[in-house]
Amino acid sequence: MKLKFKKWTEEEFFQVREEVLKGWPTGKDVDLEEAVKYHKSLPASKNFSKKLLDAKKAGITLAQPRAGVALIDEHIELLNFLDTEGGADLLPSTIDSYTRQNKYENCEKGIEESKKAGRSLLNGFPGVNHGVTGCRRVVEATNLPLQLRHGTPDARLLSEIMLAAGFTSDEGGGISYNVPYAKSVSLEKTLIDWQYVDRLVGWYEEHGVSINREPFGPLTGTLVPPSMSNAVGILEGLMAAEQGVKNITLGYGQCGNLIQDVAAIRALESQAEEYFKEFGYNDIQLTTVFHQWMGGFPEDEAKAFGVISNGASAAALAGATKVIVKTPHEAIGVPTKEANAAGIRATKMVLNLLRGQKLSTSPELEKEIEIIKAETKCILDKVYELGNGDWAIGIVKAFEQGVLDVPFAPSIYNAGKMMPARDNVGKVRYLALGNVPLSKELADYNMAQLEERGKFEGRPVTFQMTVDDIFAVGKGTLIGRPE
Ligand SMILES: CCC[C@H]1O[C@@H](n2cnc3c(N)ncnc32)[C@H](O)[C@@H]1O
């Protein structure tokens, strides 16, 4: 299959599908016709797309945790605990790291050892190994819409199995589940593999089953300038729309300055709508997701709740459709179900207190929306030009040339030349552009904001600011002021 920005034909899709289903023995149980019937038998209350659209209409922000353990019964117990004791509005199944690398043999061992140890020895739910039957037990035994959340460059088999089981949302994308997650997986291959996933969702849509797709907005979650993550989100939205996906949630990882975070969500939603319209996708149901702080967390649980609540309020004031919840165990590792539920309760408390409130506009907010949209346009215009009108080709070339450049990404296909740092009010700015094609005016604007910080701190604008910012939140502040 050659990469091109074009909807796969059914023949192309089903031809590749034969190979995909051979990836593990559980693949043979996937039967799309049966799966469509099963989806249609599910109550509307279990459909992810519908719950998101209802929330958008009502102007409320839904809360969703991350969660996943090795064994099915314990996973069901965990998810229901997060529903009943946490108050989750939507449920995940966070997939383990072996599955994310298609190492299903290791999962098999992990499942066996977890049974012997009486606790989860995998850091998530091994959906491929549990197969349609096992994953369907999770769908049958829980009461909220379910989404698979992972970090899988090749998620074709995983998506086939868990969507057939009745999950109604799938997180990820050809950029967002490669560049921040993999070291040397070909970007071109991942883009093709995620076209497969989007085409599968398009097939479900064409057969009357709405499946939500959610590109992974935060990327590395480390000082990613909003225009860079918005550009990637819009690109993955276009890639999905071309394959027939209709219900799309575009995401953004909290950076920490409230005005910039609200501006990022507002810019993302309106600019994505502009691009969908311009390229002829007139029936996209678009929602947004705000990820609570994705960087280093304080170990102290009270401080962690401060970070969690701050993220909840930013999500609500931004008017995001959904907020992804962190836990007070973030600095330690996979949270206990109690800690996970506590993070949701704290989040829901803030969402309820702020229900009906949105950050009203202001000159500062309007200016930030304008800056973010203008920067995003500079990047997307260049991607389109490099691809000669083919977004998919443009993405590959844009990463080769550092036009798309995600800070602190492990991928060897990412240039890593652009460097960010916070300005004097904590907004993330471009400190070094690398080859990110901002206009001179926008580049000068970013530098001017950073110079203000330099003047305030009595030091030059250098990469030391970036380093200080990376450690700041873990140490209890937003901006990494010199000690
Ligand atoms: C974007 C992924 C990183 C985030 O995903 C959380 N995460 C990963 N695996 C699990 C799990 N099995 N249960 C609950 N949270 C989980 C991490 O803490 C981090 O915040």
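Both ligands and their constituent atoms are indexed starting at 1 by order of listing.
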Run the side-chain donor-acceptor check on residues 333-345: report pairs under 3.5 Å with partners two or more places apart or on a different chain.
{"from": "T336", "atom 1": "OG1", "to": "A339", "atom 2": "N", "distance (Å)": "3.0"}
{"from": "N340", "atom 1": "ND2", "to": "R66", "atom 2": "O", "distance (Å)": "2.8"}
{"from": "R345", "atom 1": "NH1", "to": "E85", "atom 2": "O", "distance (Å)": "2.9"}

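- Across all their heavy atoms, I76 and R137 have their closest contact at CD1-O, 3.8 Å.
- Counting heavy-atom neighbours within 6.0 Å of Y413 OH, excluding the residue itself, gives a total above 12.
- The side-chain contact (heavy atoms from CB on, under 4.5 Å) check on D300 picks up A302, K303, with sequence neighbours excluded.
- Checking T347, L62, D89 one by one against V323, the side chain to side chain contact (heavy atoms under 4.5 Å, CB included) holds for a single residue, T347.
- Under the ring pair (Phe, Tyr, Trp, His ring centres under 6.0 Å) criterion, Y181 pairs with Y177, F216, sequence neighbours left out.
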Please tabulate, one line per pair, the protein N or O atoms found under 3.5 Å from any N or O atom of ligand 1, giving the distance to one decimal.
{"from": "ligand 1", "atom 1": "12 (N)", "to": "G68", "atom 2": "O", "distance (Å)": "3.1"}
{"from": "ligand 1", "atom 1": "12 (N)", "to": "N123", "atom 2": "O", "distance (Å)": "3.0"}
{"from": "ligand 1", "atom 1": "18 (O)", "to": "E330", "atom 2": "OE1", "distance (Å)": "2.7"}
{"from": "ligand 1", "atom 1": "20 (O)", "to": "K326", "atom 2": "NZ", "distance (Å)": "3.2"}
{"from": "ligand 1", "atom 1": "20 (O)", "to": "E330", "atom 2": "OE1", "distance (Å)": "2.8"}
{"from": "ligand 1", "atom 1": "20 (O)", "to": "E330", "atom 2": "OE2", "distance (Å)": "3.0"}

